[in-house]
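Here the structure comes first, spelled out in structure tokens, and everything after it is commentary.
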Amino acid sequence: MKTCCVIGAGVAGLTAADSLAQSGVEVVVLEARDRVGGRVWSDRLEGGGLVERGAEFITAGYDATDAMVERLGLAYAGMGIRYPDRALRPDPGIDRAEALRVAGLVEAAAAAAGADAMAIDILDAVVEDTRIRELLASRAQSASSVALELLPAERLRTIGHLLDDGETRRVVGGNQQLALRLAEGLGAAVRLSTPVLRIEHGPTGVRVHTADDVIEADACIVAVPLAVTEHIAFEPPLSAERRAAMAAIPIGQAAKLAVPADEPVAAAAIMSTPGRFWAYTSPCDEVGGTVVGSWAGGSPVLDLLEVDEGSTVWAREIRALWPELPALDVDAASMTVWRSDREWTGGTYSAVTGIPDDRDRHPIGDAIGRLGFAGEHTAPRDWTATIEGAIRSGQRAAEDILSTLGEAQ
Ligand SMILES: Cc1cc2nc3c(=O)[nH]c(=O)nc-3n(C[C@H](O)[C@H](O)[C@H](O)COP(=O)(O)OP(=O)(O)OC[C@H]3O[C@@H](n4cnc5c(N)ncnc54)[C@H](O)[C@@H]3O)c2cc1C
């Protein structure tokens with residue numbers, strides 16, 4: 001029986017391991033943290049309200065996620081809001097149809113731009129109405145969590161999605177159920193609290209080093225965040241070209257705040273036009289009531305809101321933005337900060353750039369012999385930074401390795 005060591009028990013790594021196991025490969029999954037799910041991390045507030053500390057919104061086109069939810073016997077719950085549909089405050093009075101038309105022009109310009117083009121240049125060149133420019137800039141920065149000035153044009157290729165989409169969904173019981181169910185199916189093959197430090201790879205197999213073990217396998221899939229990949233020692237080392245390509249990809253900084261409201265709040269999503277952060281309702285179906293969630297994406301916004309565990313500035317800003325809210329129980333709030341110094345956590349997600357025109361994904365996702373790569377940053381074009389992208393990348397990495405192992409027979 002062929003063997004494969006998968007590194008990282010986020011959605012990408014677990015999907016890859018699950019696909020390989022279904023094809024008869026014996027897998028072991030090594031996870032640094034003491035839980036599975038990585039950036040999909042569901043939690044409960046005091047009182048029982050569901051909180052997504054990481055990925056929350058499942059929107060249109062999540063075909064692989066839909067299929068997995070069904071296969072794992074899970075279900076979705078509608079959130080009552082549409083992710084893109086936010087009331088802007090103060091209201092700049094933008095005509096929605098006109099904003100969508102301009103978004104289409106921006107998408108076309110971004111698709112035609114070179115791999116090194118920057119989002120800010122496309123917006124400056126294409127959008128005349130300063131209010132629409134500000135809207136698109138703010139949505140692009142918020143969704144990618146990368147300061148507009150550093151954002152590649154690539155991220156504007158689907159900007160229209162940020163203005164127009166169906167009802168947003170979450171997995172019943174929390175999105176982390178996806179990872180928990182996958183891990184359950186893999187059983188003892190998933191080893192928690194086991195960070196990988198070094199990977200030796202060659203034409204006949206791999207040796208994966210943890211602090212106190214060496215695992216030998218026929219192949220390996222690296223499914224850790226982009227910034228963490230830079231800190232694992234590979235022997236032979238990754239090429240200078242690949243390392244430079246990885247280092248050139250900006251990594252988002254973001255934070256989430258969830259505060260229970262004293263009374264139920266009608267479904268709504270409100271975005272601060274000058275502050276570029278937004279807040280939204282999450283119904284607590286199982287326990288009743290409402291949690292007010294808020295998202296700050298991009299370091300300028302985190303700085304403005306003085307985002308730091310223990311700080312109450314952000315909660316005050318939500319109150320100022322949305323004065324109709326009932327009392328918020330700030331003492332029971334949960335704040336999760338996803339910053340990246342390109343060290344351990346890897347930050348929010350990647351803003352992939354530099355995809356050659358003839359490629360569906362960035363070459364940093366390509367396998368090197370028996371070494372496969374998964375993770376949102378290796379997802380098909382336009383799906384990076386999402387759960388859907390993580391799943392698709394895991395399936396693709398498993399296919400890469402199955403084909404390598406098949407050829408080696
Ligand atoms: C705050 C936030 C909000 C988001 N919102 C959304 C959203 O609304 N909708 C959406 O679709 N997506 C969203 N995303 C993106 C989505 O969460 C990610 O794209 C996806 O979960 C990435 O999965 P992954 O498996 O590639 O990486 P990860 O989930 O990061 O998994 C990588 C795993 O590798 C482990 N690891 C790291 N180093 C090592 C090591 N040395 N050895 C072993 N294991 C290691 C990590 O602990 C982690 O478990 C959000 C992300 C964040 C952070």
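Atom set for the values below is all heavy atoms of this structure, side chains included, hydrogens, waters and symmetry mates excluded. When a ligand or atom number is given, it counts from 1 through the structure's own listing order.
Polar contact check, Glu56 against ligand 1: a nitrogen or oxygen pair lies under 3.5 Å apart. In terms of polar-atom proximity, Trp295 is not counted as a contact of ligand 1, lacking any N or O under 3.5 Å from an N or O of the ligand. For the pair Glu376 and ligand 1, the shortest N or O to N or O distance falls below 3.5 Å. Residue contacts with ligand 1: Arg35 is placed with no nitrogen or oxygen under 3.5 Å of a nitrogen or oxygen of the ligand (distance criterion only). When only interatomic distances are considered, the shortest N/O to N/O separation between Val11 and ligand 1 falls below 3.5 Å. At least one N or O atom of Phe57, backbone or side chain, sits closer than 3.5 Å to an N or O atom of ligand 1.
For the ligand labelled ligand 1, residue Tyr83 lies outside the 4.0 Å heavy-atom shell. Not a single heavy atom of Ser145 sits closer than 4.0 Å to an atom of ligand 1. The closest approach between a heavy atom of Ala254 and any atom of ligand 1 is not below 4.0 Å. Within the 4.0 Å heavy-atom cutoff, Gly389 does not count among the residues contacting ligand 1.
Interface of Gly10 with ligand 1, defined as ligand atoms under 4.0 Å from a residue heavy atom, comprises 25 (O), 29 (O), 31 (O), 33 (C), 49 (O). Atoms of ligand 1 lying under 4.0 Å from any heavy atom of Ile387, numbered from 1 in the order shown and given with element: 10 (C), 11 (O), 12 (N). Atoms of ligand 1 lying under 4.0 Å from at least one heavy atom of Gly38, given by number and element, are 29 (O), 48 (C), 49 (O). Contact atoms of ligand 1 toward Tyr349: 4 (C), 14 (N), 15 (C), 50 (C), 51 (C) (distance under 4.0 Å to a heavy atom of the residue). Residue Pro195 has at least one heavy-atom neighbour below 4.0 Å for each of these atoms of ligand 1: 42 (N). Each of the atoms 46 (C), 47 (O), 48 (C), 49 (O) of ligand 1 lies under 4.0 Å from some heavy atom of Arg33. Per-residue contacts place Gly375 under 4.0 angstrom from the following atoms of ligand 1 (heavy atoms of the residue considered): 26 (O). Within ligand 1, the atoms closer than 4.0 Å to a non-hydrogen atom of Ile7 are 42 (N), 43 (C), numbered from 1 in the order shown.
Taking the charged nitrogens against the carboxylate oxygens, Asp18 and Arg181 have no contact shorter than 4.0 Å, which rules out a salt bridge. The pair Lys256-Glu52 fails the salt-bridge criterion, with no side-chain N (NZ, NE, NH1 or NH2) lying under 4.0 Å from an Asp/Glu carboxylate O. Between Asp43 and Arg35, none of the side-chain N atoms (NZ, or NE/NH1/NH2) sits under 4.0 Å from a carboxylate O, so this pair counts as no salt bridge.
Looking only at distances, a side-chain donor or acceptor of Glu107 sits under 3.5 Å from a matching main-chain atom of Gly160. Gln141 contributes a side-chain N or O that, together with a main-chain N or O of Leu148, makes up a donor-acceptor pair within less than 3.5 Å. Side-chain N or O atoms of Gln395 include none that pairs as donor or acceptor with a backbone N or O of Thr15 at under 3.5 Å.
No more than 12 heavy-atom neighbours from other residues, nucleotides or ligands sit within 6.0 angstrom of CD on Glu46. For Asp360, the CG atom counts as densely surrounded, since its 6.0 Å shell holds more than 12 non-hydrogen atoms of other residues, nucleotides or ligands. At most 12 heavy atoms of other shown residues, nucleotides or ligands fall within 6.0 angstrom of atom CD in Glu241.
Neither the backbone nor the side chain of Ala374 has any atom closer than 4.0 Å to an atom of ligand 1 (non-hydrogen atoms only). Contacts with ligand 1 closer than 4.0 Å are made by heavy atoms of both the backbone and the side chain of Ala32. At a heavy-atom cutoff of 4.0 Å, ligand 1 is contacted by the side chain of Val228 but not by its backbone.
Comparing heavy-atom distances from atom 37 (C) of ligand 1 across Ile58, Leu30, Thr348, Val224 singles out Val224 as nearest. When Tyr62, Trp338, Trp41 are ranked by how near their heavy atoms come to atom 11 (O) of ligand 1, first place goes to Tyr62. Taking all heavy atoms of Ala12, Ala385, Ala9 into account, the minimum distance to atom 25 (O) of ligand 1 is reached by Ala12.
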Applying side-chain hydrogen bond (donor to acceptor under 3.5 Å, both in side chains) to Ser393 and Glu376, what does each step give before you reach the verdict?
CA-CA 7 Å; Ser393 79; Glu376 56 83 13; over 6 Å; no
Yes or no on side-chain contact (heavy atoms from CB on, under 4.5 Å) for Ile364 and Ile249, after CA distance, side-chain angles and deciding distance?
CA-CA 10 Å; Ile364 60 170; Ile249 294 174; 3.6 Å; yes
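The cationic group of Arg242 lies under 6.0 Å from the six-membered ring centre of Phe373 and within 45° of the ring axis, placing it in a cation-pi geometry.
The one candidate from Arg361, Arg396, Arg392 that meets the side-chain hydrogen bond (donor to acceptor under 3.5 Å, both in side chains) condition with Thr378 is Arg396.
Trp322 and Tyr280 have their aromatic ring centers separated by at least 6.0 angstrom.
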